[in-house]
Amino acid sequence: MPTFPAPDGTRLAYRIVGEGDPLICLPGGPMQASAYLGDLGGLPSAAGRSLVLLDLRGTGESETPADPSSYRVDRQVDDVETLRAHLGLERIDVLPHSASGDLALLYAGRYPQRIRSLVLVTARARAAEIEFPLEGRREALALRSGEPWYDEAVPAFERAMAGEATEDDWRFLDRLAYGRWDTAAEAHAALGEDGYNEEAAHAYPGPGAFDDAAAVREVLTKLDAPVLVLAGELDPSPRPDKAAEVAALFPRGEFVVQPGAAHIPWLDDPKVFVRTVGEFLSRSDA
């Protein structure tokens, strides 16, 4: 995998999938290796893009930093900016998933002139002062009442909400991240678990990470770039209403709910996902 040095000297790795204009992809978790993104359901061939899949510091093939405090999300913004410069790009298209929505929004707040487009996929937005209430997770659970595993999920969910969940509970609740729990979803969940850096995940939203959220939000309300916010109909977090609130921040924001999808929409229905994102990128290019 190609690498480049971050500002503090940590070598960061990325892989390129496909050919065409680069789309920088930031993995969620927080702090999961980018391997779980795969090829985003076949997006490169559908959209004529190359995916630049970054392993955030301390994950995947990237080095572990000397200073663990550098895992904090706002301190990783310049890793993204250094990647942009390393690739020789004046402006970038950025696709964050899940928790890396905060990283992308912080980047856009600090470097708005570098954003060509944003594709926020089931993405967090605490960096713009938008919280996703826990009640939304309960609402999403109720939508799964027809699933054969629902009765077992309810007590596991309640233990999780009470802070008493076991590792087995959390693994069982992985089902809520997928619109369809089958062998492919089970394998994907295991892949994500293997690439997870727990220490980094705890540090990622640490104290001070979102101290500038009001200023970031102000910049985003004036961002002159197309933004797609894609939500899953069944996703516990964000629920579609909160994702719509994120889209409304942007002057050129678009909002789409993918039917039947949860938190991993490119696996739930790759055809719908790549069509939605591909058409948005084509409009952005035009």
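Only heavy atoms go into these numbers, but all of them, side chains included; no hydrogens, no water, no symmetry mates. Note that the structure is predicted; figures quoted are calculated from it, not measured.
- Taking each heavy atom of Val257 and Pro240 in turn, the nearest pair found is CG2-CB, 4.0 Å.
- Legend: salt bridge (Lys or Arg N to Asp or Glu O under 4.0 Å) pairs involving residues 37-48, not counting sequence neighbours: none detected.
- Remark: Glu152 CD is loosely packed, at most 12 non-hydrogen atoms of other residues, nucleotides or ligands lying under 6.0 Å away.
- A heavy-atom distance below 4.5 Å is not found between the side chains of Arg252 and Val227.
- Checking side-chain atoms of Glu233 against main-chain N and O of Gly260 turns up a donor-acceptor pair under 3.5 Å.
- In this view, Ser62 and Leu12, Ala13, Asp55 satisfy the side-chain contact (heavy atoms from CB on, under 4.5 Å) rule, not counting sequence neighbours.
- Checked for salt-bridge contact, Arg180 and Asp268 miss the test: no charged N lies under 4.0 Å from a carboxylate O.
- By the 4.5 Å heavy-atom criterion applied to side chains, Glu129 and Phe210 are not counted as neighbours.
- Note on Val52: it does not cluster hydrophobically with Leu43, by side-chain heavy-atom contacts below 4.5 Å among ILVMFWY residues.
- Residues Pro236 and Leu176 approach most closely at CD-O, 3.5 Å, considering heavy atoms.
- Salt bridge annotation for Arg138-Glu135: absent, with no cationic side-chain nitrogen under 4.0 angstrom from a carboxylate oxygen.
- With Phe172 as the aromatic partner, Arg175 meets the cation-pi criteria of under 6.0 angstrom to the ring centre and within 45 degrees of the ring axis.
- Tyr111 and Asp78 share a side-chain donor-acceptor pair at under 3.5 Å.
- Between Arg283 and Pro226, the closest side-chain pair of non-hydrogen atoms is not below 4.5 Å.
- The shortest distance between side-chain heavy atoms of Tyr107 and Leu26 does not fall below 4.5 Å.
- Scanning all heavy atoms of the two residues, the minimum distance from Pro27 to Ser100 falls at O-CB, 3.1 Å.
- Pairs of residues two or more places apart, or lying in two chains, that qualify as side-chain hydrogen bond (donor to acceptor under 3.5 Å, both in side chains) and include a residue from residues 12-29 are Tyr14-His86.
- Residues Asp168 and Thr166 bring no donor and acceptor atom of their side chains to less than 3.5 Å of each other.
- Shortest non-hydrogen contact noted between Cys25 and Leu40 is SG-CD1, 3.9 Å.
- Salt-bridge formation is detected for the pair Asp8/Arg57: a Lys NZ or Arg NE/NH1/NH2 atom is positioned less than 4.0 Å from an Asp or Glu carboxylate oxygen.
- Salt bridge absent: Asp67 and Arg75 never bring a charged side-chain N and a carboxylate O closer than 4.0 Å.
- Taking 4.5 Å as the limit, some side-chain heavy atom of Leu223 sits within range of a side-chain heavy atom of Leu118.
- Across all non-hydrogen atoms, the minimal contact from Pro265 to Thr122 is CD-CG2, 4.1 Å.
- For the residue pair Gly101 and Ala123, the shortest heavy atom distance occurs at CA-CB, 3.8 Å.
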